[in-house]
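First the structure, in the form of structure tokens, and then the observations on it.
Side chains included, hydrogens not; waters and symmetry mates left out as well; all remaining heavy atoms used. Computed from a predicted model, the values in this text were never measured in an experiment.
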Protein chains: 2
Amino acid sequence: MNIGQASKASGVTTKMIRYYDEIGLVRPSARTDSNYREYDEREINELRFIRRARSLGFSMPEITQLLSLWRDRDRPSREVKAIADRHLADLDARIAEMQAMAQTLRHLSHCCAGDDRPDCPILADLTQGALPSEPKPKSRRAHVHGG
Amino acid sequence: MNIGQASKASGVTTKMIRYYDEIGLVRPSARTDSNYREYDEREINELRFIRRARSLGFSMPEITQLLSLWRDRDRPSREVKAIADRHLADLDARIAEMQAMAQTLRHLSHCCAGDDRPDCPILADLTQGALPSEPKPKSRRAHVHGG
DNA sequence: CTGCGCGTTCCCACGGTGGGAAGGTCAAGC
DNA sequence: GCTTGACCTTCCCACCGTGGGAACGCGCAG
């Protein structure tokens with residue numbers, strides 16, 4: 001299978017397949033005399049694996065680990081689970097962060113008349129909002145706007 | 001105020017202040033003879049505005065619009081609200097997407113023993129998961145993997 | 001005048017993805 | 001055989017923010 005066929009079979013663009021080759025994630029099993037990449041069923045599956053993993057939000061480094069675990073028939077599922085759980089925690093944190101943004105925005109939007117007049121609580125919030133506000137970096141941590 | 005002072009006053013790094021200058025978002029009101037950027041109170045406020053807007057997840061294009069509305073004393077709050085609502089919808093969509101990922105992952109993780117054995121529902125999902133899933137390419141177009 | 005901190009510009013990197021140019025290859029049709 | 005067009009190759013560039021750092025200029029204090 002050449003790259004185009006691999007692309008159709010895996011649902012990964014040729015650009016991305018070349019990129020995965022370049023970064024050493026999925027190397028074609030062979031090259032033809034004329035330097036065309038050749039992929040076999042196994043690599044197609046790896047490509048699909050990556051596609052699926054990306055759709056679950058895994059980063060490339062995580063996928064690299066996942067893929068090497070996948071290739072190792074003797075992996076302990078513990079390791080896979082650890083990666084998944086770490087990613088899950090990360091995902092949850094980002095969701096929480098975005099929900100905080102959304103909630104603030106929802107409130108602000110709710111308070112905004114949205115008419116022809118210039119008075120706008122949204123701009124008002126943006127204007128004064130989030131002053132440096134760290135006169136006492138005592139025990140509190142974890143600002144929304146991270147620094 | 002030079003860039004360092006502006007940075008302290010606004011909470012925006014000097015790198016970012018230069019970047020905002022470069023893309024024309026916030027230009028220093030003046031330059032000294034020796035080409036140092038000079039910022040006045042107004043620009044410090046704009047910098048803070050941007051910082052706050054970014055903390056709410058607005059993109060640079062959105063901030064560009066927001067900022068020009070902020071500068072216009074006669075803006076209709078309608079326009080501000082429209083931008084905020086669009087961003088909010090975008091945020092909600094991304095949250096939903098990430099929640100779907102998280103839920104799938106949570107389920108998979110839950111099903112994974114996480115021990116020394118190699119059997120792993122997480123890898124199993126990744127392996128076969130998300131087949132191209134187009135048994136009937138009838139009227140539908142718009143492939144995920146575009147040509 | 002020297003030293004240091006701060007300013008300036010310019011380039012590079014990241015993560016992933018896509019666009020496109022310039023050139024080689026392959027299969028099909030004449 | 002030769003042409004054509006689709007496909008392959010590599011290489012560079014862009015995005016969006018953000019940070020790192022080099023090379024060089026400036027300002028203030030000793």
Side-chain angles (χ1 to χ4, degrees), chain A residues 1-39 47 49-67 87 90-91 94 97 101 145-147, chain B residues 1-39 43 47 49-67 87 90 94 97-98 101 142-147:
Chain A
M1 267 180 148
N2 67 21
I3 202 172
Q5 295 166 317
S7 172
K8 272 182 206 105
S10 66
V12 176
T13 64
T14 58
K15 274 290 189 198
M16 283 300 99
I17 294 178
R18 287 194 194 97
Y19 175 66
Y20 297 152
D21 178 7
E22 188 190 334
I23 65 174
L25 197 49
V26 178
R27 291 261 147 87
S29 49
R31 292 265 189 161
T32 65
D33 287 350
S34 50
N35 209 28
Y36 282 23
R37 287 170 182 82
E38 281 193 315
Y39 292 93
L47 255 12
F49 180 101
I50 294 170
R51 173 156 155 278
R52 172 65 173 158
R54 290 234 25 96
S55 82
L56 288 177
F58 285 101
S59 67
M60 297 311 288
E62 284 164 339
I63 290 178
T64 303
Q65 296 179 75
L66 247 14
L67 200 50
H87 175 52
D90 187 66
L91 223 35
R94 283 190 286 150
E97 207 173 329
M101 292 178 188
H145 58 272
Chain B
M1 266 175 147
N2 66 22
I3 202 172
Q5 296 166 316
S7 172
K8 272 185 204 101
S10 67
V12 177
T13 63
T14 59
K15 275 287 189 198
M16 283 300 100
I17 295 177
R18 287 195 193 97
Y19 175 66
Y20 297 152
D21 178 6
E22 189 189 334
I23 64 173
L25 197 49
V26 178
R27 290 263 149 82
S29 49
R31 292 265 190 161
T32 65
D33 288 350
S34 49
N35 208 29
Y36 283 22
R37 287 171 183 82
E38 282 193 315
Y39 292 92
E43 283 131 11
L47 256 11
F49 180 100
I50 294 170
R51 173 156 156 279
R52 173 65 175 157
R54 290 234 25 98
S55 83
L56 288 177
F58 285 100
S59 67
M60 298 311 285
E62 284 166 339
I63 291 178
T64 303
Q65 296 181 74
L66 249 13
L67 200 50
H87 174 53
D90 187 67
R94 283 190 288 151
E97 204 174 333
M98 291 172 76
M101 291 178 189
H143 271 245
V144 171
H145 58 272

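- Distance Glu62(B) CD to dC16(D) P: 12 Å, rounded to the nearest Å.
- Across all strands shown, Thr32(B) has no heavy atoms under 4.0 Å from either base or sugar-phosphate atoms.
- Distance, Ile23(B) CD1 to dC15(D) P: 11 Å, rounded to whole Å.
- Side-chain polar atoms of Ser29(B) and Glu43(B) form a donor-acceptor pair below 3.5 angstrom.
- Look at CG on Asp33(B): it is 14 Å from C1' on dG25(D), rounded to the nearest Å.
- Between Glu38(A) atom CD and dT25(C) atom C1' there is a gap of 14 Å when expressed in whole angstrom units.
- Pro28(A) and Glu38(A) make their closest contact through CB-O, 3.5 Å (heavy atoms, listed as atom of the first residue, atom of the second, distance).
- In terms of phosphate contacts, Tyr20(B) brings a side-chain nitrogen or oxygen within less than 4.0 Å of OP1 or OP2 of dT18(D).
- For the OP1/OP2 pair of dG19(D) and a distance below 4.0 Å, the side-chain nitrogens and oxygens of Thr13(B) include at least one atom meeting the criterion.
- The nearest whole Å value for the distance from the CE atom in Met16(A) to the P atom in dG16(C) is 10 Å.
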Distances under 3.5 Å between protein N/O atoms and the N/O atoms of nucleotides 6-8 of chain D, please, pair by pair.
| residue | atom | partner | partner atom | Å |
| --- | --- | --- | --- | --- |
| dC8(D) | OP1 | Asn2(A) | OD1 | 3.2 |
| dC8(D) | OP1 | Gly4(A) | N | 2.5 |

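- Put simply, the side chain of Arg18(A) never gets that close to the backbone of Glu22(A): no donor and acceptor are under 3.5 Å apart.
- In this structure, the nucleotide among dG17(D), dG16(C), dT10(D) sitting nearest to the side chain of Arg31(A) is dT10(D).
- When each of dG17(D), dG19(C), dG18(C) is scored by its nearest atom to the side-chain atoms of Arg54(B), the top-ranked nucleotide is dG17(D).
- Applying the salt bridge (charged side-chain N to carboxylate O under 4.0 Å, His left out) test to Arg94(A) and every residue at least two apart in sequence or in another chain returns Asp90(A).
- In this structure, CD of Glu22(B) is placed 13 Å from P of dG17(D), rounded to the nearest angstrom.
- A straight line from CD1 of Ile63(A) to C1' of dG16(C) spans 11 Å, rounded to a whole angstrom.
- Closest to the side chain of Lys15(A), out of dC11(D), dT17(C), dG17(D), is dC11(D).
- To the nearest 0.5 Å, atom OH of residue Tyr20(A) and atom CE of residue Met16(A) are 6.0 Å apart.
- Nearest heavy atom pair, residue Phe58(A) against residue Glu62(A), reads CA-OE1, 3.4 Å.
- Applying the side-chain hydrogen bond (donor to acceptor under 3.5 Å, both in side chains) rule to Thr64(A) yields no partners; only residues at least two apart in sequence or on another chain are considered.
- If you measure from atom CG of Asp21(A) to atom C1' of dG16(C), you get 16 Å, rounded to the nearest angstrom.
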